[in-house]
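Scroll down for the structure; my scribbles are underneath it.
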Amino acid sequence: MTRVFSGVQPTGHLTLGNYLGAMRRWAAVDQHRADSLFCVVDLHALTVEHDPARVRRLSLQATSLLLASGLDPEVCTVYLQSHVDEHTRLSYLLECVATDGEMRRMIQYKEKTAKVRERGGSVRLSLLTYPVLMAADILAYGTDEVPVGEDQVQHVELTRDLAVRFNQRYGHTFVVPKATVPEVAARVMNLQDPTTKMGKSDESGSGVVYLLDEPEVVRKKVMRAVTDSGREVVYDRDERPGLANLLEILAACTGGDPEALSGVYETYGSLKKDTADAVVELLRPLQERHRALCADPGYVEGVLRDGAERARAMARPTVDAAYRAIGLLPAVADTGAGVALNTAR
Ligand code: TYM
């Protein structure tokens with residue numbers, strides 16, 4: 001059976017971009033057709049300045065939102081990254097395969113370091129090595145497919161390179177995974193600045209629709225979206241990025257096609273209104289389920305406990321095999337290790 005792995009960082013409140021680019025497919029498609037794991041990658045949230053209490057809160061909130069989006073813990077595995085040591089065990093081995101140059105070429109690293117430096121902060125070393133931890137997340141599970149938004153494709157490509165390199169040097173150990181991205185809304189843009197991604201760490205939040213925004217807030221944000229100076233509704237990502245973003249969001253919410261939808265609207269106002277309504281309707285059931293889950297924190301904690309146990313059992317054999325392959329001795333009873341030491345050249 002195909003193995004699917006994907007994850008989300010608890011660095012901020014989850015957004016419409018997270019949902020349309022990734023989470024929605026996990027729940028609607030991936031969990032039903034594959035043996036799948038969905039991880040709240042809390043260790044990744046420590047790569048930038050963080051408040052420990054907020055990370056704890058956001059980790060639980062992200063888990064509840066994954067469940068509210070329709071992930072069924074009877075069907076797939078939902079867990080927190082820090083509960084399964086195999087991720088960090090494998091990450092170190094992969095650091096011994098990756099190169100410094102490769103890490104510095106990552107687009108997200110360049111963007112995020114620029115932001116940190118702009119604010120006069122210092123860049124954590126873990127921000128540089130973050131794609132290696134992400135590779136470990138994926139490779140530990142023998143993953144075939146990684147459903148992500150467009151911004152994560154470069155990291156999955158790196159993961160492929162590391163898997164191939166490791167296998168060539170030390171013998172076949174890892175499945176070489178591939179990224180899958182949605183046809184529409186693979187990169188939802190900020191409503192106030194349609195040249196940048198709609199991201200959870202945005203400072204003002206006015207161009208970002210959060211999954212838990214009240215309907216009136218969603219409507220306001222969409223109605224105030226920056227569009228372009230033209231009058232006609234056309235779908236052109238390069239020349240009319242604001243409009244194209246709205247058309248993509250509407251298409252993703254209603255199952256339509258952005259190009260075809262552009263022919264339906266004569267004014268920006270009517271497009272915005274329908275887009276706002278579509279987003280509100282899309283989020284309504286998710287928000288209702290989220291409210292119900294918040295009333296039952298014991299359930300969410302139970303899901304995480306069971307999920308971590310299952311994930312550990314799945315990851316351990318592959319990570320142990322990687323330790324052997326790269327040249328590390330197993331910590332077994334004296335006799336076995338002794339023989340190996342005596343016969344080693
Ligand atoms: P993160 O937490 O930034 O985002 C989670 C998922 O949402 C997608 N996404 C978007 N898709 C479309 N438009 C947007 N504006 C948008 N914003 C976010 C992301 O592409 C992602 O699929 N490094 C990852 C987390 C991670 C991971 C992994 C993912 C860690 N280990 C292993 C897959 C496999 C990240 O920061 O995602």
Side-chain angles (χ1 to χ4, degrees), residues 3-27 30 36-48 55 58-59 61-63 65-66 69 79-82 84 86-88 90-91 94 106-109 111-112 126-127 129-141 143-160 162-163 177-202 207-211 237 241 244-245 248-249 252 311 315:
R3 173 66 57 84
V4 161
F5 179 96
S6 204
V8 61
Q9 282 196 57
T11 32
H13 297 287
L14 301 192
T15 72
L16 185 64
N18 295 128
Y19 188 69
L20 295 180
M23 291 164 64
R24 185 164 71 151
R25 278 185 304 150
W26 302 347
D30 295 315
S36 43
L37 298 104
F38 301 103
C39 184
V40 175
V41 288
D42 50 357
L43 296 172
H44 285 282
L46 313 184
T47 56
V48 286
V55 171
L58 289 175
S59 296
Q61 188 186 76
T63 308
L65 280 169
L66 289 183
S69 75
Y79 70 104
L80 287 185
Q81 184 187 32
S82 64
V84 179
E86 271 56 38
H87 293 244
T88 45
L90 182 56
S91 184
L94 295 176
M106 293 292 117
I107 294 166
Q108 282 213 339
Y109 174 70
E111 288 174 352
K112 287 187 180 176
S126 54
L127 190 62
T129 56
Y130 153 121
V132 180
L133 179 57
M134 177 161 163
D137 300 338
I138 296 167
L139 297 182
Y141 295 94
T143 303
D144 300 290
E145 290 178 21
V146 189
V148 284
E150 208 173 81
D151 63 315
Q152 294 301 321
V153 170
Q154 192 189 33
H155 291 157
V156 181
E157 291 296 319
L158 172 81
T159 304
R160 290 170 62 84
L162 296 183
K178 68 166 197 267
T180 61
V181 295
E183 275 175 28
V184 186
R187 191 177 189 87
V188 178
M189 307 307 276
N190 186 301
L191 297 173
Q192 286 302 313
D193 176 5
T195 60
T196 64
K197 187 187 76 168
M198 183 184 282
K200 18 176 153 65
S201 319
D202 183 80
V208 180
V209 174
Y210 296 102
L211 297 183
R237 279 195 93 169
N245 193 34
E248 289 208 13
I249 292 172

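The residues of the chain are indexed from 1 along the displayed sequence. Remember, it's 1-based here, ligands and their atoms both numbered in the order they're listed.
- Of all the heavy atoms of Asp137, the ones lying under 4.0 Å from any atom of ligand 1 belong exclusively to the side chain.
- Of the possible donor and acceptor atoms, one in the side chain of Ser69 sits under 3.5 Å from a partner among the backbone N and O of Leu66.
- The part of Val146 lying near ligand 1 is the side chain, judged by heavy-atom distances below 4.0 Å.
- Considering every non-hydrogen atom in both Pro147 and Ala22, the closest pair reads O-CB, 4.4 Å.
- In terms of protein heavy-atom proximity, atom 25 (C) of ligand 1 is nearest to Gly7 O, 3.7 Å.
- Asn245 contributes no side-chain N or O that, together with a main-chain N or O of Pro194, makes up a donor-acceptor pair within less than 3.5 Å.
- In this structure, Thr143 contributes its side chain and Ile138 its backbone to a donor-acceptor pair below 3.5 Å.
- A distance-only check finds no donor-acceptor pair linking the side chain of Thr15 to the backbone of Val208 [under 3.5 Å].
- With respect to Glu248 and Arg237, a salt bridge is recorded, a charged nitrogen being found less than 4.0 Å from a carboxylate O.
- Residue contact check: Arg187 has heavy atoms under 4.0 Å from atoms 12 (C), 13 (N) of ligand 1.
- From the protein, the heavy atom lying nearest to atom 32 (C) of ligand 1 is Phe5 CE2, 3.4 Å.
- Nearest to atom 19 (C) of ligand 1 by heavy-atom distance, out of Val40, Asp151, Leu37, is Asp151.
- Numbered from 1 in the order shown, with element, the atoms of ligand 1 that lie under 4.0 Å from a heavy atom of Val8 read 2 (O), 5 (C).
- In this structure, Lys200 has a heavy atom closer than 4.0 Å to ligand 1.
- A donor-acceptor pair is defined here as one N or O able to donate and one able to accept, closer than 3.5 Å; such a pair exists between the side chain of Asp42 and the backbone of Ser82.
- Note: an N/O pair closer than 3.5 Å links Met198 and ligand 1 by distance alone.
- The protein non-hydrogen atom at the shortest distance from atom 13 (N) of ligand 1 is Val188 N, 2.8 Å.
- If you run side-chain contact (heavy atoms from CB on, under 4.5 Å) between Leu94 and each of Thr159, Val132, Leu158, only Val132 comes through.
- Closest to atom 11 (N) of ligand 1, if we only count protein heavy atoms, is Gly17 O, 3.2 Å.
- Taking every non-hydrogen atom of His44 and a distance limit under 4.0 Å, the qualifying atoms of ligand 1 come out as 30 (C), 31 (N).
- Using modelled atom types, no side-chain atom of Arg160 and backbone atom of Val156 make a donor-acceptor pair closer than 3.5 Å.
- Taking all atoms of both residues into account, the shortest heavy-atom contact from Ser59 to Leu80 is CB-CD2, 4.1 Å.
- Residue-ligand proximity, Gly149 to ligand 1, at heavy-atom distances under 4.0 Å covers atoms 8 (C), 11 (N), 19 (C), 20 (O), 22 (O).
- Nearest protein heavy-atom contact of atom 23 (N) of ligand 1 is Tyr130 OH, 2.4 Å.
- Checking only distances, Val41 never comes within under 3.5 Å of ligand 1, N or O to N or O.
- With a heavy-atom cut-off of 4.0 Å, Ala186 touches ligand 1 through its backbone alone.
- In the vicinity of Gly21, heavy-atom distances shorter than 4.0 Å reach the ligand 1 atoms 11 (N), 12 (C).
- For ligand 1, the atoms lying closer than 4.0 Å to a non-hydrogen atom of Ala22 are 6 (C), 7 (O), 22 (O).
- By the 30° and 60° cut-offs, the orientation of the rings of Trp26 relative to Phe38 is parallel.
- Between Tyr210 and His13, the ring-plane angle classifies as perpendicular under the 30° and 60° cut-offs.
- Residue nearest to atom 26 (C) of ligand 1, selected from Gln81, Gln152, Met134: Met134 (by heavy-atom distance).
- Applying the 4.0 Å criterion to heavy atoms of Ala185 picks out, from ligand 1, the atoms 12 (C).
- Atoms of ligand 1 found under 4.0 Å from any heavy atom of Ser6, numbered from 1 in the order shown, are 33 (C), 34 (C).
- With a 4.0 Å cut-off on non-hydrogen atoms, Gln9 touches ligand 1 through its backbone as well as its side chain.
- A side-chain donor-acceptor contact under 3.5 Å links Gln81 to the backbone of Leu43.
- Residue contacts with ligand 1: Val148 is placed with no nitrogen or oxygen under 3.5 Å of a nitrogen or oxygen of the ligand (distance criterion only).
- Of all non-hydrogen atoms in Ser91 and Leu133, the two that sit nearest each other are OG-CA, 3.5 Å.
- The protein heavy-atom contact nearest to atom 7 (O) of ligand 1 is Asn18 ND2, 3.1 Å.
- Here the shortest heavy-atom pairing between His87 and Asp137 reads ND1-OD1, 2.7 Å.
- At a heavy-atom cutoff of 4.0 Å, ligand 1 is contacted by the side chain of Ile138 but not by its backbone.
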